[in-house]
Amino acid sequence: MIQITFPDGAQRSYSKGSSAIDIAKSISEGLARKVLAAEVDGEIIDAMRPINNDAHLKLLTWDDKGGKSTFWHSSAHLLAEAIESIFPGTKFGIGPAIDNGFYYDIDLGGAAFGEEEIAKIEKKMKELAGQKNQYLRKEVAKTDAIEYFTQKEDPYKIELLEGLEDGKITFYSQGAFTDLCRGPHIPNTGFIKAIKLTNIAGAYWRGNEKNKMLTRVYGITYPSQKELDDYLLLLEEAKKRDHRKLGKELELFTFSEKVGSGLPLWLPKGAMLRERLQQFLQKAQIESGYLPVITPHIGSKQLYVTSGHWDKYGKDSFRPITTPNEGEEFMLKPMNCPHHCEIYKSSPRSYKDLPLRLAEFGTVYRYEQSGELHGLTRVRGFTQDDAHLFCRPEQVKEEFKKVIDLVMYVFTSLDFHDFTAQISLRDQEDRSKYIGSEENWLIAENSIIEAAAEKGLNTVVEYGEAAFYGPKLDFMVKDALGRSWQLGTIQVDYNLPERFELEYVDADNTKKRPVMIHRAPFGSMERFTAVLLEHCAGNFPVWLAPEQVKVLPISDKFGDYALEVVKLLKAADIRASVDDRQEKIGKKIRDTELMKTPYMLIVGEKEMNEQKVAVRKHGEGDQGVMLNTEFVIFLTNIIKEQTAGTKN
RNA sequence: GCCACUUUAGCUCAGAUGGUAGAGCAACUGAUUCGUAAUCAGUAGGUCAGCGGUUCAAGUCCGCUUAUCGGCUCCA
């Protein structure tokens with residue numbers, strides 16, 4: 001008999017060799033039907049595998065991350081089986097589960113897949129799933145495994161095998177398909193009820209750009225059609241909210257081939273939105289003791305030689321520009337910190353001056369590979385909401401806490417309530433690649449961990465993810481569709497103070513080196529705008545909306561009154577204009593609704609005579625009539641309320 | 001940078017198999033002066049992304065380039 005311990009701590013005895021499915025059956029048949037895999041002492045294995053020793057057992061279902069990934073991994077095998085049956089001779093690379101579904105990399109030997117092939121494969125997968133074929137695990141000797149794939153002429157599998165240790169090699173088969181695989185897998189293909197192949201793309205073999213480009217087929221599967229439909233609906237919604245689409249529709253920004261790719265042009269409405277965001281943050285920063293500074297868009301190449309960036313990124317940057325006569329070289333600034341270091345150095349600093357917080361909405365230029373550009377989220381010219389905090393080592397923790405406060409304040413003000421923080425620390429094995437003293441690193445790493453804990457942040461610690469110059473904390477926010485974005489970042493830096501020889505005079509009259517903290521709550525105005533746009537689907541809160549109110553006269557007889565109302569609104573700092581086109585009111589309302597303007601004021605004879613406005617709210621419709629002065633107070637209050645949490 | 005798809009009017013898109021371009025919306029003009037998501041009519045607008053090639057003839061076929069898009073790789 002073996003002793004099985006369940007996650008809730010309960011213990012039960014089973015006969016040796018019972019599988020997770022057997023154990024699930026002893027609890028309930030319904031549960032047994034849902035079990036996809038089992039986590040035994042922390043390791044995920046097939047639900048059908050016999051358990052021979054006392055163990056902690058967690059039954060994994062669709063609701064567990066491990067269950068989902070097992071399900072999708074098995075689906076990848078099903079995809080491969082379908083491809084092999086329709087296109088014999090296809091060579092297979094790897095086929096893992098990913099966050100949303102799975103893929104399989106295949107070599108078609110020069111052929112290409114189109115819609116037709118995809119539809120065929122999908123159909124075949126459904127057919128094979130219906131056969132409820134079991135996923136059978138088999139341990140094989142390395143030589144036999146190599147022999148198998150040599151016969152099959154599958155060079156990629158042989159390459160994978162060469163990197164594996166004999167004695168630990170397993171094959172999984174379902175139906176007519178056998179694959180080299182560590183597993184685990186779901187019991188049989190019958191669990192896979194809904195299948196959708198989503199995408200085809202090229203991908204390098206083993207992710208190396210020197211290797212051959214394989215065809216990657218992406219797909220997603222679910223245990224029910226309903227769940228697949230929900231997912232497809234979500235994809236559709238995401239498409240509707242795509243910031244590139246909304247940016248065009250709402251006239252926020254554009255790109256021009258003539259100006260150059262990756263160089264966004266902010267249109268008036270987009271610029272207004274960005275200004276509002278900037279003012280909002282600027283105000284909060286000034287209240288938190290930041291000092292705004294301004295630096296030029298270029299800097300001597302020497303500056304970046306000093307900072308070390310020339311060495312590290314010089315060849316991947318825009319080439320330096322040179323002066324015509326003297327041949328001096330200048331770089332378009334790829335970052336603001338070296339300039340800020342020089343501001344720090346512009347005057348001797350005392351320990352009493354620290355922390356010194358220099359802030360700048362600094363526009364930087366980076367040469368991004370052409371294939372990387374994407375809407376506003378990946379561009380070649382962008383503005384960081386940058387600041388550098390120069391402080392004494394023992395102030396790092398306190399400063400970190402303050403920055404965390406600021407970042408959380410920014411996020412919640414903009415209606416992002418679901419976020420986690422990733423703490424990136426040094427590689428625990430190899431510390432040679434980091435600069436800065438062990439002592440300082442320990443202070444910084446502990447400061448971050450403690451600061452995050454004291455602020456009650458939901459954190460994940462990643463070892464080996466720290467920058468070479470210091471540990472960092474990145475904020476990941478979830479948007480309204482549940483998608484994760486990396487936004488704000490806080491980074492400790494020992495490198496630049498060293499390289500720029502920054503100093504302060506301490507209380508004991510000795511010169512000391514300050515620590516520098518880089519931080520950007522938005523990350524960049526471009527990227528943040530994109531994320532915000534997708535988060536709120538273009539329906540900005542009134543305080544941010546580029547245009548807050550549109551006044552719609554019923555006919556142009558009431559145009560003058562409409563102008564009067566706009567004047568009243570503008571006097572109260574409300575962004576408003578009149579739709580004075582000779583269109584019917586229905587048309588004006590429709591167009592304004594499509595522009596997602598938060599409020600419409602419809603004015604006709606009745607309103608004009610009584611100094612009133614008929615209020616219509618975007619997405620909600622008629623709100624009734626009120627005095628125009630009343631509306632100004634009404635809206636001003638709403639804006640005040642929306643920014644109440646904010647320091648606006 | 002690499003692979004695949006795409007590039008037609010301001011926008012969204014039609015234009016089998018080669019025979020010198022079309023719709024809706026937007027714009028402009030006129031009529032209409034209107035009560036909560038599209039008034040009617042007319043006009044104008046395109047060297048079919050650019051360059052080169054094949055052909056009697058290219059939006060259509062073939063190269064190269066630009067940009068977009070989906071991935072890969074990269075991201076101070």
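Letters A, B, ... mirror the listed sequences (proteins, then strands); counts begin at 1. Given the structure is predicted, the values throughout are model-derived calculations rather than measurements.
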Using the P atoms only, state how far B:C62 lies from B:U54, rounded to an integer number of Å. 15 Å
Using a strict 4.0 Å threshold on nitrogen-to-oxygen distance, state whether A:Glu605 and A:Lys557 make a salt bridge. no
Which listed nucleotide (B:C72, B:C3, B:U36) is nearest to the side chain of A:Asp622? B:U36
Record whether the side chain of A:Arg216 comes under 3.5 Å of the base of B:A4 through a donor-acceptor pair of N or O atoms. no
Base-contact (B) and sugar-phosphate-only (S) positions in nucleotides 6-13 of chain B, heavy-atom cut-off under 4.0 Å, - elsewhere: -----SS-
Of the candidates B:G70, B:A27, B:G1, the side chain of A:Arg244 sits closest to B:G70
Does B:G71 have its OP1 or OP2 closer than 4.0 Å to a side-chain nitrogen or oxygen of A:His374? no
Atom-to-atom span, CE of A:Met595 to P of B:A26 - whole angstrom: 14 Å
If you assign A:Glu605 and A:His518 each to the RNA chain B nucleotide with the nearest heavy atom, which residue ends up on the more 5' nucleotide? A:Glu605
Relative to each other, are the rings of A:His297 and A:Tyr365 parallel, tilted or perpendicular (30° and 60° limits)? tilted
Below 3.5 Å, does any donor atom in the side chain of A:Arg366 face an acceptor in the base of B:C75, or the other way round? no
Side-chain-base donor-acceptor pair under 3.5 Å for A:Gln369 and B:U73: yes
Checking contacts here: which listed nucleotide (B:C74, B:C3, B:A76) is nearest the side-chain heavy atoms of A:Arg378? B:C74
Does A:Tyr313 lie flat on the base of B:A76, that is, centres under 5.5 Å apart and planes under 30° off? yes
Taking a pair as Watson-Crick (N1 to N3 plus N6-O4 or O6-N4) or G-U wobble (N1-O2 and O6-N3), both under 3.5 Å, which stems of 3 or more consecutive pairs involve RNA chain B? B:1-3 with B:70-72, B:10-13 with B:22-25, B:27-31 with B:39-43, B:49-53 with B:61-65
Taking the side chain as every heavy atom from C-beta outward, state whether A:Glu564 and A:Gln611 have any pair of such atoms under 4.5 Å apart. yes
B:G35 base / A:Glu607 side chain donor-acceptor hit below 3.5 Å: yes
Quick check: any donor-acceptor pair below 3.5 Å linking the side-chain of A:Tyr204 to the base of B:G1? yes
Relative to the 5' end of RNA chain B, which residue comes earlier, A:Asn199 or A:Lys587, by the nucleotide with the nearest heavy atom? A:Lys587
